[in-house]
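Each remark here refers to the structure printed beneath this line.
These figures come from a predicted structure and were not determined experimentally.
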Amino acid sequence: LQHLRVPLKPSGLQHLRVPLKPSGLQHLRVLSMVEIAKQRGGTVTQCWAHTQAGQRCASAVAAGAVPYCAAHLKAGDGALEKVAHPDARIGFCLVARRALPKGYKVAFWGDRSRCQTVDVDDRCLQYLSGAKRTNPNGVIDPAPHPGSLGQYMNAPSPRELPTARRTRTYFGAHNDGGLVGQAFETTVPLAPGAQLAFPYDNEWWRIRGCLLYTSDAADEGLGVDLGG
């Protein structure tokens, strides 16, 4: 045989033609979608999501886009889980489904939208555009997307330490109508069930019309309720 046609899942190519050696079938290795896209000259990255067992998704994602494949945009990262907070006043929170290392990457993503005023419940974060990502250009609104699990990260209370941080890496473009996002990473190793939490800075309050932030919730030791 000169070639072997290997059927692939519907989410990828229909068939992969694998050249065989004249002596017959020696080795067969099915290429990942990342490898296939690179061979075709595309600029891609690998999906950031993992399975619940800890295996990283092998699907390819266009470089610069929100770094989750279509399946994980819908279902969310299997390494993370949205759960009810023990204090019902908080709503939901985001926890590690399995042990996560320091530096584990999470994308906070959604639609680019206008920022609401502080009296409206929302889970948005500011979106920066431009070559150096310094131009404020609306907000990232994750609410329409249940698979955007980053929206359930709460702010730590005064008696808690943050376990995640925002980075300067943003995804998407402000003018193409597509999804946008921002990269987060864990700041400490997390045990299963540990909460991902990061501090909402003064900019979060300023763009919602608050010049000074004083929180009764913080005084009571509660996280800021953005998890709904």
Closest heavy-atom pair and its distance - Pro142, Ser148: CB-OG, 3.5 Å
Residues clustered with Val95, ILVMFWY side-chain links under 4.5 angstrom: Val83
Distance in Å, Tyr68 OH paired with Cys57 SG, rounded so as to fall on 0.5 Å steps: 11.0 Å
Chi angles and distances behind the side chain to side chain contact (heavy atoms under 4.5 Å, CB included) call for Gln151, Lys82: CA-CA 9 Å; Gln151 65 184 296; Lys82 165 196 169 185; over 6 Å; no
Qualifying residue, where the test is side-chain contact (heavy atoms from CB on, under 4.5 Å) with Cys124 and the options are Ile140, Val139, Asp111: Val139
Candidate pair Leu80 and Arg97, rule side chain to side chain contact (heavy atoms under 4.5 Å, CB included), full reasoning: CA-CA 5 Å; Leu80 308 172; Arg97 191 187 295 268; 6.0 Å; no
Side-chain heavy-atom pair Lys102, Val188 within 4.5 angstrom cut-off: no
Check: Asp77/Tyr104 side-chain N/O donor and acceptor closer than 3.5 Å: yes
Note, Pro189 side chain near Pro101 side chain (heavy atom, < 4.5 Å): no
Closest contact, heavy atoms only, Ser113 versus Asp141: CB-CB, 4.0 Å
pair Leu149-Phe108: side-chain heavy atoms closer than 4.5 Å: no
Derivation of the side chain to side chain contact (heavy atoms under 4.5 Å, CB included) call for Arg56 and Gln46: CA-CA 9 Å; Arg56 185 171 176 181; Gln46 187 174 350; 3.6 Å; yes
By salt bridge (charged side-chain N to carboxylate O under 4.0 Å, His left out) - contacts of Lys74 (at least two apart): none
Exam field: side chain Thr186 to backbone Ala164, donor-acceptor pair closer than 3.5 Å: no
Least distance between heavy atoms, Cys93 atom then Asn154 atom: CB-ND2, 3.5 Å
Straight-line distance of His72 NE2 to Cys47 SG, nearest 0.5 Å: 5.5 Å
Gln52 side chain reached by Arg98 side chain, heavy atoms, under 4.5 Å: no
Rounded distance (nearest 0.5 Å) linking atom CG of Leu196 with atom CG of Leu100: 7.0 Å
Heavy-atom pair of closest approach, residues Ala96 and Leu190: CB-CB, 4.2 Å
Nearest-0.5 Å distance that lies between atom CE in Met153 and atom CG in Leu94: 6.5 Å
With Phe184, the ring pair (Phe, Tyr, Trp, His ring centres under 6.0 Å) member among Phe198, Phe171, Trp48: Phe198
For the student: nearest non-hydrogen atoms of Asn137 and Arg112, plus distance: OD1-NH1, 2.8 Å
Salt bridge (charged side-chain N to carboxylate O under 4.0 Å, His left out) against Arg166, all qualifying residues, sequence neighbours excluded: none
Nearest-0.5 Å distance, CZ of residue Arg123 to CZ of residue Phe92: 8.0 Å
Residue pair Leu179 / His145, side-chain heavy-atom distance below 4.5 Å: yes
Under 3.5 Å donor-acceptor, Thr163 side chain and Gln195 backbone: yes
Thr167 vs Glu185 side-chain heavy atoms within contact, under 4.5 Å: yes
Taking every non-hydrogen atom, the tightest pair across Gln126 and Gln182: O-OE1, 4.3 Å
Plane angle bin for Tyr170 and Tyr127 - parallel if under 30°, tilted between 30 and 60°, otherwise perpendicular: perpendicular
Nearest-0.5 Å distance that lies between atom NZ in Lys105 and atom OG1 in Thr169: 7.0 Å
